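Right, one structure below, let's go through it.
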Amino acid sequence: MTEPLAPRLSVVPYKGTRDFYPEDMQIRNHIFACMRSAAESFGYQEYDGPMLELFELYAAKSGEELVNEQLYHFRDRAERHVAIRPEMTPTVARMVAARINELPRPIRWFSFPNLWRYEKPQRGRLREHWQFNVDVFGVDSIAADQEIIEIAIGVMLRLGAGMEDFSIHVSNRKLLNSFLLDRIGIDDEHRKKVCRAIDKKAKLSVEAFHEMVTDAGLSPGQIDELEAFMNLNWADLDRHSLSDSQGASEIRELFRGLESAGLAGYCRLDPSIVRGLDYYTGTVFEMYDLAPENRRALFGGGRYDDLVGMFAPTRLSGVGFGMGDVTIRDFIDSHGLIPMLPASADVFVTMFDESGQESSRELARHMRQSGLRAISQIEPAKLGKQFKWAAQCRIPIVAIQGPDELVSQQVSLKNMVTGEQVTVLVSESVMTIRRWLGI
RNA sequence: GUGGGUAUAGCUCAGUUUGGUUAGAGCGCCUGACUGUGGAUCAGGAGGUCGAGGGUUCAAAUCCCUCUACCCACCCCA
């Protein structure tokens, strides 16, 4: 007689979320390590904040769609209206504002928050993702914009990407605004539509683009000017009629700085970069995969004049970017940049039988005390099985101490990569292992 | 929210057009050949309510209906 089975629960993770099994976690850690290293090399400090914030924090500035359709929110037991953070910027602005008078400026911070948005999942887009956020507050000059872009490039280089893999498209909101308002005289009413068309140009056919901007009220002459504007190279800015505008001079300054840093090759002026968020006021940039099958921006950022102002009377400018783990993972996947994952241990210590348990554990303990990562066979088993297990886990060295070795205080070490095997005194074993591993 | 695709073993997939023995393959897993040595080879084994529910039929993985999940694209974004 068998009991009727209870209905089983699903093993599938909640829609739009991921399980990180150890092999996934290793890759995530690798990506985060590259990000952290890039930020720390510029002296940025890590911070974190709560995953829950009051709903009002986002209602104020985060944009209609994000709040109305994508926010996870609920009432807590005291009827407070609580939201799960969909982005980090409001939190960091709140944290900076709370200590606005004591923090030495510039403030250089980074974080790895997990963020939640109620989305329909698809490639590069899930409901929970981790986002590397880097911001510098309190610098009005373009030098900060350059530093932020340098960090972003630093992450890509650490991940193993090169000039042939990605490109950072840079523009400036002021430049776009001068062009639209002063140069060709678009009114506010049509500006949004034109911006949308500009933002989408790369994805549209020439005809579709023309239709879209004509629909937005542009004359054929204005369209010609717009297309010339969008093809501007930063070096051409000097000869352009917008040459004297503040946007143009900021762009020039930024590119001169990037050029002298040897980084101009990773960047190019692309006046079609708009970015959706309203709070950007100056430099804006997006990173694109140069592989043509991946057309969407992988990350982006820019300068925002005053996010802190919603909490404190002080104006404090900021520049920053956010980099999502989902898109970056897709990027390194498709560019063959997933590194060989290191094994979880340096050495596997075998065990023969009940009588060898103590000596086996003692040997592993000895190796750990010498700084090696050692895995013990937990209970006696066939040696072949133990070897197989070690090989499956790609542990590079197996230590064998059977009755033969035990009588003479020796241990046999097998290099699983080369197949070489030696028998040495226990006291010399760590040295041999270190030599084999090159550590 | 709109549109398209997919669902069969742990994984990748045949089989569905034309309903018919006990639903298959490769890889992976377990056992043995091999009582002190992994990858190779050979032999054997475990593992499926064919996404779920209903219908048609003597008979359904296969035909019909409904639902669900996942993937992709649009919108928007990382």
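Protein chains get the first letters and strands the later ones, always in sequence-line order, with residue 1 at the start of each. Values in this document were obtained by computation on a predicted structure and should not be read as measured data.
B/G26 and B/A14: their C1' atoms are spaced 10 Å apart (whole Å). For the P atoms, the distance linking B/G45 with B/G24 amounts to 13 Å, nearest Å. As rounded to the nearest Å, B/U56 and B/G15 have C1' atoms that lie 22 Å from one another. Using atom P as the reference point in both B/C65 and B/G5, the two lie 14 Å apart (nearest Å). B/C29 and B/U12 have their C1' atoms separated by 16 Å, with the value rounded to a whole Å. Look at the C1' atom in both B/G28 and B/U37: the space between them is 23 Å, to the nearest Å. Remark: the separation of the C1' atoms in B/U49 and B/A61 is 12 Å, to the nearest Å. Taking the C1' atoms as reference points, B/U8 lies 10 Å from B/G51, given to the whole Å.
B/G10 atom C1' lies 15 Å from atom CG of A/D19, rounded to whole Å. If you measure from atom CG of A/D199 to atom C1' of B/C75, you get 12 Å, rounded to the nearest angstrom. The nearest whole Å value for the distance from the OH atom in A/Y118 to the C1' atom in B/C75 is 16 Å. For the pair A/Q70 CD and B/A78 C1', the computed distance is 11 Å after rounding to whole Å. Atom CD in A/E69 sits about 9 Å away from atom P in B/G1, given to the nearest Å. Between the C1' atom of B/A78 and the CZ atom of A/R85 lies a distance of 15 Å, rounded to the nearest Å. Across the protein-nucleic acid pair, A/E23 atom CD and B/G10 atom P stand 17 Å apart, rounded to whole Å. For the pair A/L298 CG and B/C76 P, the computed distance is 18 Å after rounding to whole Å.
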When every nucleotide of nucleotides 29-48 of chain B is labelled 5' to 3' by its protein contacts under 4.0 Å (heavy atoms), B for base, S for sugar-phosphate only, - for none, what sequence of letters results?
-> S-SSS--BBBB---------
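Aromatic ring centres of A/W109 and A/Y47 lie closer together than 6.0 Å. For A/Y266 and A/F166, the gap between ring centers is short of 6.0 Å.
Judged by closest nucleotide on RNA chain B, A/Y14 is the one of A/Y14 and A/R117 placed further toward the 5' end.
With no hydrogens or angles considered, a side-chain donor-acceptor pair links A/S37 and A/R158 at under 3.5 Å.
Seen from the ring of A/W116, A/R127 does not count as a face-on cation partner, given the 6.0 Å and 45° thresholds.
Across all strands shown, B/G28 forms no Watson-Crick or G-U wobble pair with both distances under 3.5 Å. Across all strands shown, the partner of B/G51 is B/C67, judged by Watson-Crick or G-U wobble contacts whose two distances both fall under 3.5 Å. B/A40 is unpaired under the criterion used here, namely a Watson-Crick or G-U wobble arrangement in which both key atom distances are under 3.5 Å. Shown here, B/C74 forms a base pair with B/G1; the pair counts as Watson-Crick or G-U wobble because both key distances fall under 3.5 Å. For B/U22, there is no paired nucleotide, since no Watson-Crick or G-U wobble pair has both relevant distances below 3.5 Å.
The line from OG of A/S178 to CZ of A/R173 is 13.0 Å long, rounded to the nearest 0.5 Å. The structure places CD1 of A/I251 at 9.5 Å from CG of A/D145, a figure rounded to the nearest 0.5 Å.
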Can you check ring-ring contact (aromatic ring centres under 6.0 Å, His included) on A/F32 and A/F132, steps first, answer last?
-> CA-CA 8 Å; A/F32 283 13; A/F132 178 49; 8.1 Å; no
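The ring pair (Phe, Tyr, Trp, His ring centres under 6.0 Å) contacts involving residues 340-363 of chain A comprise A/F348-A/W389, where partners must be two or more places apart or lie in separate chains. Applying the ring pair (Phe, Tyr, Trp, His ring centres under 6.0 Å) definition to pairs two or more places apart or across chains, none involves residues 191-212 of chain A.
Residues passing the ring-ring contact (aromatic ring centres under 6.0 Å, His included) test with A/Y44, sequence neighbours excluded: none. For A/F387, there are no ring-ring contact (aromatic ring centres under 6.0 Å, His included) partners at least two apart in sequence or on another chain.
Shown for residues 119-128 of chain A: residues whose heavy atoms fall under 4.0 angstrom of RNA chain B, namely A/E119, A/K120, A/Q122, A/R123, A/G124, A/R125, A/L126.
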